[in-house]
A.B. asks: 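Handing you a structure now.
Source: prediction; values computed, not measured. Ligands are counted one by one from 1 in listed order, and the atoms in each one are counted from 1 as well. Below, each value reflects all heavy atoms present in this structure, side chains not excepted, and no hydrogens, waters or symmetry copies.
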Amino acid sequence: MTLRFEEADRVKNLPAYLFARIEKLIEEKREKGIDVISLGIGDPDMPTPDYIINELKKEADNSANHQYPSSVGMLSYRQAVADWYKNRFGVELDPKSEVVSLVGSKEGIGHISWCYLNPGDVVLVPDPGYPVYSGGAILAGAHPYYMPLKEENNFLPDLSAIPVDVAQKAKMMFINYPNNPTGATADEVFYKEIVAFAKQYNILVCHDAAYSEISFDGYKPISFMQVPGAKDVGIEFHSVSKTFNMTGWRIGWAVGHPDVVDALGRLKSNVDSGQFQAVQYAAIKGLTGPNDFIDKMCGVYQERRDILVDALNEMGWKLAKPKGTFYVWAPVPKGYSSESFAEAVLDKTGIVITPGTGYGAEGAGYFRIALTVPKDRMLDAVDRLKKSFGAVEF
Ligand SMILES: *Cc1c(COP(=O)(O)O)cnc(C)c1O
């Protein structure tokens, strides 16, 4: 007899996987022999640079790297992260106490809630947002309070709209700029408001800077850590995933408040043993290497962005071009919901887009397109959209 096991509430309470229906439809299209173009997944299509891959190959041969690494990362890795912050943002970090390595930033984002949230605690989470913020909080038994990111506020949370009793109860807040899924960016004025708000209500701020290097038109995003007082109130998550096309390698970091960095490190030492040292060496190579690679890569995304946004605007959208991330966030035409538009696009054109509701209730009425396909595929995609939808209304 097969036993049945009752899942723990923390797993039962995880939100349903919203893309399951779309995945089934994709499967059906492919079975019919339709050439599906996926603009759904935010995963770089370009390869990791050779100089990084070669470093992995070299270090994989070194038997000293075959043993357990330190769970907080080699000091040379943490030093490389600190040096990168100094060069890129002018931010001083102590590699020993203010940097911890992560098995991808997602790992740290998922685990930070375990460090600071007890069951029933409140955490401020952007909506729409990367699902791991609420996922980690729910696994810790905490309650996300969703901060709507609205177009009229440039997709920044309106801190004055958070009820005082919620702010007083909240222990933590997640923010993320350049933002997935909206492509919005944040400036120093906003980050200063965040620091003041955090100090007023004693809230730990967790900024996710995964896209700080993916930017266009000469714009360079700043780090939350550049703002005075940021290190007193929080940490910043980052990784080489989007910067060097290394999503599969699973290596990232958190930097900032030393107590928080320490707590994450102690938690991690109980659940993982850090990342393979050869992978850490490869990441060091990226962080210390020539950065003309990043400029070239952003140029490629920018060209794809222009093809897509120009085509959508010719069809009737009125989109501004995002200054960061490789996403375009756009409203659905009149008569559609997020889901029905995504289904109609797949049905009529064989193109996969993501319904905005996959990122939270506030994503209703929007869809996300990822710029992670080659130019010829993007040209094909806009061609199909124009042929099937013509002019659209809102
Ligand atoms: C891709 C992404 C990350 C990066 O995750 P890794 O675990 O470092 O690969 C983090 N946050 C957001 C919002 C992302 O889109």
A.B. asks: Using a 3.5 Å cut-off on N/O to N/O, what pairs does ligand 1 make with the protein? A line per pair would be great.
C.D. replies:
residue, atom, partner, partner atom, Å
ligand 1, 5 (O), Ser105, OG, 3.3
ligand 1, 7 (O), Ser105, N, 3.1
ligand 1, 7 (O), Lys106, N, 2.8
ligand 1, 7 (O), Arg250, NH2, 2.6
ligand 1, 8 (O), Ser105, N, 2.8
ligand 1, 8 (O), Ser105, OG, 2.7
ligand 1, 8 (O), Ser239, OG, 2.8
ligand 1, 8 (O), Ser241, OG, 3.4
ligand 1, 9 (O), Ser241, OG, 2.6
ligand 1, 9 (O), Arg250, NH1, 2.8
ligand 1, 11 (N), Asp208, OD1, 3.4
ligand 1, 11 (N), Asp208, OD2, 2.6
ligand 1, 15 (O), Asn180, ND2, 2.9
ligand 1, 15 (O), Tyr211, OH, 2.6
ligand 1, 15 (O), Lys242, NZ, 3.3

A.B. asks: List the steps, then state whether side chain to side chain contact (heavy atoms under 4.5 Å, CB included) holds for Leu39 with Ile37.
C.D. replies: CA-CA 6 Å; Leu39 305 178; Ile37 302 178; 3.9 Å; yes

A.B. asks: Consider only side-chain N and O atoms of Tyr85 and His238, and report whether a donor and an acceptor are under 3.5 Å apart.
C.D. replies: no

A.B. asks: Calculate, to the nearest 0.5 Å, the distance between atoms CG and NZ belonging to Leu385 and Lys387 respectively.
C.D. replies: 11.0 Å

A.B. asks: Answer yes if the ring centres of Tyr366 and Tyr359 are under 6.0 angstrom apart, and no otherwise.
C.D. replies: no

A.B. asks: Can we call the ring centroids of Phe237 and Phe174 under 6.0 Å apart?
C.D. replies: no

A.B. asks: For Asp208 and Tyr133, which I'm curious about, is there any donor-acceptor pair between the side chains at under 3.5 Å?
C.D. replies: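 Yes, side-chain donor-acceptor contact under 3.5 Å.
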
